Amino acid sequence: MPSFPQHPFTLLANPRFQPAEPYGAHRSALLSAAALSQASDVITSWSGYAITPLHSLPGLARSAGVASLHYKDEGSRFGLGSFKALGGAYAVARLLCRVLGQRLGRSVSHAQLRTDPALRLACADITVTCATDGNHGRSVAWGANMLGCRCVIYIHATVSEGRKAAIERYGAQVVRTSGNYDDSVQQADRDAKTNGWFVISDTSYPGYMDIPRDVMQGYQLMVHEAVSALPQWPTHVFVQAGVGGFAAAVCAYFWERSTEQRPVFVVVEPQQADCLLQSARAGTVVAVKGDLDTLMAGLACGEVSLLAWDILNTGANAFCAIPDAAAVDTMRLLASAQGGDPVIVAGESAVAGLVAALLTAQDSTARTALEMGPDSRVLLFGSEGDTDPALYQQLVGRSAAQVLQDGAPA
Ligand SMILES: Cc1ncc(COP(=O)(O)O)c(C=O)c1O
C-alpha cells in the first residue's frame with residue numbers, strides 16, 4: 001500500500017465560511033450553469049477536444065483511510081498539458097467576438113469567427129497579450145493562433161526556457177521581464193495601453209472583471225466533466241491555487257448546484273506563495289511580497305484575484321499551505337503506481353490538492369477539523385502534466401515517457 005511521508009503544513013479553518021449562504025444573484029452574474037453551457041458549446045467544438053480522464057486511486061484512498069480518491073488528470077488537455085487550455089483560449093474567443101461585434105455594429109458569434117474569411121482577416125489586426133508563468137500564456141497563444149489574431153506574452157525572470165519555447169510554438173512573441181510574476185503583469189498592462197492591445201489576464205482587479213470571468217467560466221467545463229464521471233457527489237474537494245481563479249471556479253460550481261450537501265472545500269497553496277491563506281487570516285485581501293520562490297511555478301502568485309476572493313472568502317471551508325518537498329514526493333508517488341493505482345504523470349503545480357488531502361488524512365487534528373473519515377469521497381484536480389519536461393525528469397528521476405512505459409502492463 002502506498003505510504004506518504006510526513007511534512008509540516010498549515011491548515012486554517014476559514015473564519016468567514018458561511019455554510020448556509022445562498023450562491024446568490026451577484027455570483028450567478030459571474031459564473032453560472034447557463035454561461036457554462038455557452039462555454040461548453042464553444043470549447044467542445046474545437047478540434048482535439050476530448051474529455052480528460054478521471055482516475056480512481058483505490059490504493060491511496062486505502063492508505064488515507066477514506067472511501068475514495070478521484071483525480072481528474074488534465075495533463076492531456078488539448079495537447080497543451082494543463083487545464084489552462086480551457087480558460088485563456090476561451091477568453092480570447094469571447095474577446096474577439098466582442099471587439100469585432102463593436103467594430104462592425106452587429107453581433108458576431110464564435111461559429112462565424114471560425115468560418116467567415118472576412119472576420120478571420122479582421123482578427124489579424126487584433127493583438128492579445130498577458131503575463132504568465134507558463135500555462136495561461138500557452139493557452140492564450142494557442143487560442144490566438146487558432147482564431148488568427150496576434151499575440152504577445154510576458155514571462156518573468158524564473159520561467160524556464162522550456163515553458164518559453166512551448167509558448168513560442170504557437171507563434172506568439174514572448175518577452176522576458178525582470179522581477180516576479182506580479183511585475184510581469186504590470187509590464188503587460190503598460191505595454192497593452194501604449195499599443196492598443198487587449199489584455200487576457202487570468203486575474204481580476206477593480207475595473208477588469210469580464211475577461212478573468214470568461215477564463216474561469218472555461219475552467220468549469222473541467223469540473224462538469226469530472227462530476228459527470230464520478231459515481232457519487234464528492235464530500236471533500238481540495239484545489240490548488242495561484243491567484244485563486246481555478247479554485248474559485250471549482251468552488252462556485254459545487255456551491256451553485258448544492259442545496260444542502262456542499263463538499264468541504266479546501267484551497268491549497270505553496271508555503272512561499274500563500275496569498276489566499278494570508279488574506280483569509282487577515283480578513284481582507286493582502287499581497288505576499290518577495291520572489292515567491294516555489295517549485296510550483298503555476299501557483300507562485302502573491303496577489304489574489306478579486307473575483308476569486310469574492311467566492312472563496314465565504315465559500316471555502318479552509319485554506320492550506322504546503323511545502324515544495326511534499327509536492328515532489330507526491331509527483332513520485334503518482335509516477336510509481338503502487339497499491340493498484342494507475343501511473344499518473346503530474347507536474348509540480350498539479351498535485352498540491354492531493355498533497356493537502358494526504359497530509360490531512362494522516363493528521364488527526366486536521367482530519368477532525370475537515371470531518372474526513374472512512375466515508376469521505378475526495379475529489380482532486382491534477383491541473384497539469386509534465387508542462388516542463390526537463391524539470392519533471394529532474395524531480396521524478398524519469399521522463400514522462402519512461403514513467404508511462406514502466407507503468408504499462410507487461
Ligand atoms: C497547473 C496549474 N495549476 C493551478 C494553477 C492555479 O490557477 P489560479 O492562478 O487560477 O489559481 C495554475 C495557474 O497557472 C496552474 O498553471
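Read the numbers this way: they start at 1 and go in the same order the structure lists the ligands and their atoms. Source: prediction; values computed, not measured.
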Looking only at N/O atoms, are F246 and ligand 1 under 3.5 Å apart anywhere? yes

So is G244 close enough to ligand 1, meaning a heavy atom under 4.0 angstrom away? yes

Identify the protein heavy atom lying closest to atom 4 (C) of ligand 1, giving its residue, its atom name and the separation to 0.1 Å. L299 CD2, 3.4 Å

Check this for me: does any side-chain nitrogen of one of R138 and E384 sit under 4.0 Å from a carboxylate oxygen of the other? no

Residue-level breakdown please: for D133 versus ligand 1, do any non-hydrogen atoms fall below 4.0 Å on the side chain, on the backbone, on both, or on neither? side chain

Would you verify whether the NZ or CZ of R257 falls within 45 degrees of the ring axis of Y253 while also being under 6.0 Å from that six-membered ring's centre? yes

Give yes if a backbone or side-chain nitrogen or oxygen of G298 is under 3.5 Å from a nitrogen or oxygen of ligand 1, and no if not. yes

Taking atom 3 (N) of ligand 1 as the reference point, the nearest protein heavy atom with its distance: S383 OG, 2.7 Å

Heavy-atom contact check, 4.0 Å cutoff: does F381 meet ligand 1? no

Do W233 and F254 make the cut of ring centroids closer than 6.0 angstrom? yes

With a cut-off of 4.0 Å, which atoms of ligand 1 are near a heavy atom of E384? 1 (C)

Using distance alone, with no hydrogens and no angle criterion, decide if D329 and H7 have a side-chain donor and acceptor under 3.5 Å apart. yes

Any nitrogen or oxygen of G242, side chain or backbone, less than 3.5 Å from one on ligand 1? yes

Angle class for the F78/W46 ring planes (parallel below 30°, perpendicular above 60°, tilted otherwise)? tilted

At the 4.0 Å heavy-atom cut-off, does H136 count as touching ligand 1? no

Side chains of S383 and S82: is there a donor and an acceptor less than 3.5 Å apart? no

Can you sort out which atoms of ligand 1 are near S349, meaning under 4.0 Å from one of its heavy atoms? 1 (C), 2 (C), 3 (N)

Nitrogen or oxygen atoms of Q240 and ligand 1 under 3.5 Å apart: no

Can you classify the ring geometry of H236 versus F238 as parallel (below 30°), tilted (30 to 60°) or perpendicular (above 60°)? parallel

Decide whether E21 and T314 meet the rule of one side-chain donor and one side-chain acceptor closer than 3.5 Å. yes

Please confirm whether G245 comes within less than 3.5 Å of ligand 1 when only nitrogen or oxygen atoms on both sides are compared. yes

Provide, to 0.1 Å, the distance between atom 9 (O) of ligand 1 and the closest protein heavy atom, together with that atom's residue and name. V243 N, 3.0 Å

Proximal atoms of ligand 1 relative to N135 (non-hydrogen, under 4.0 Å): 1 (C), 15 (C), 16 (O)

Using modelled atom types and a 3.5 Å cut-off, is there a donor and acceptor pairing between side-chain atoms of D341 and backbone atoms of L60? yes

Going by heavy atoms, is A241 under 4.0 Å from ligand 1? yes

With no hydrogens and no angle check, do the side chains of D189 and Y205 hold a donor and an acceptor under 3.5 Å apart? yes

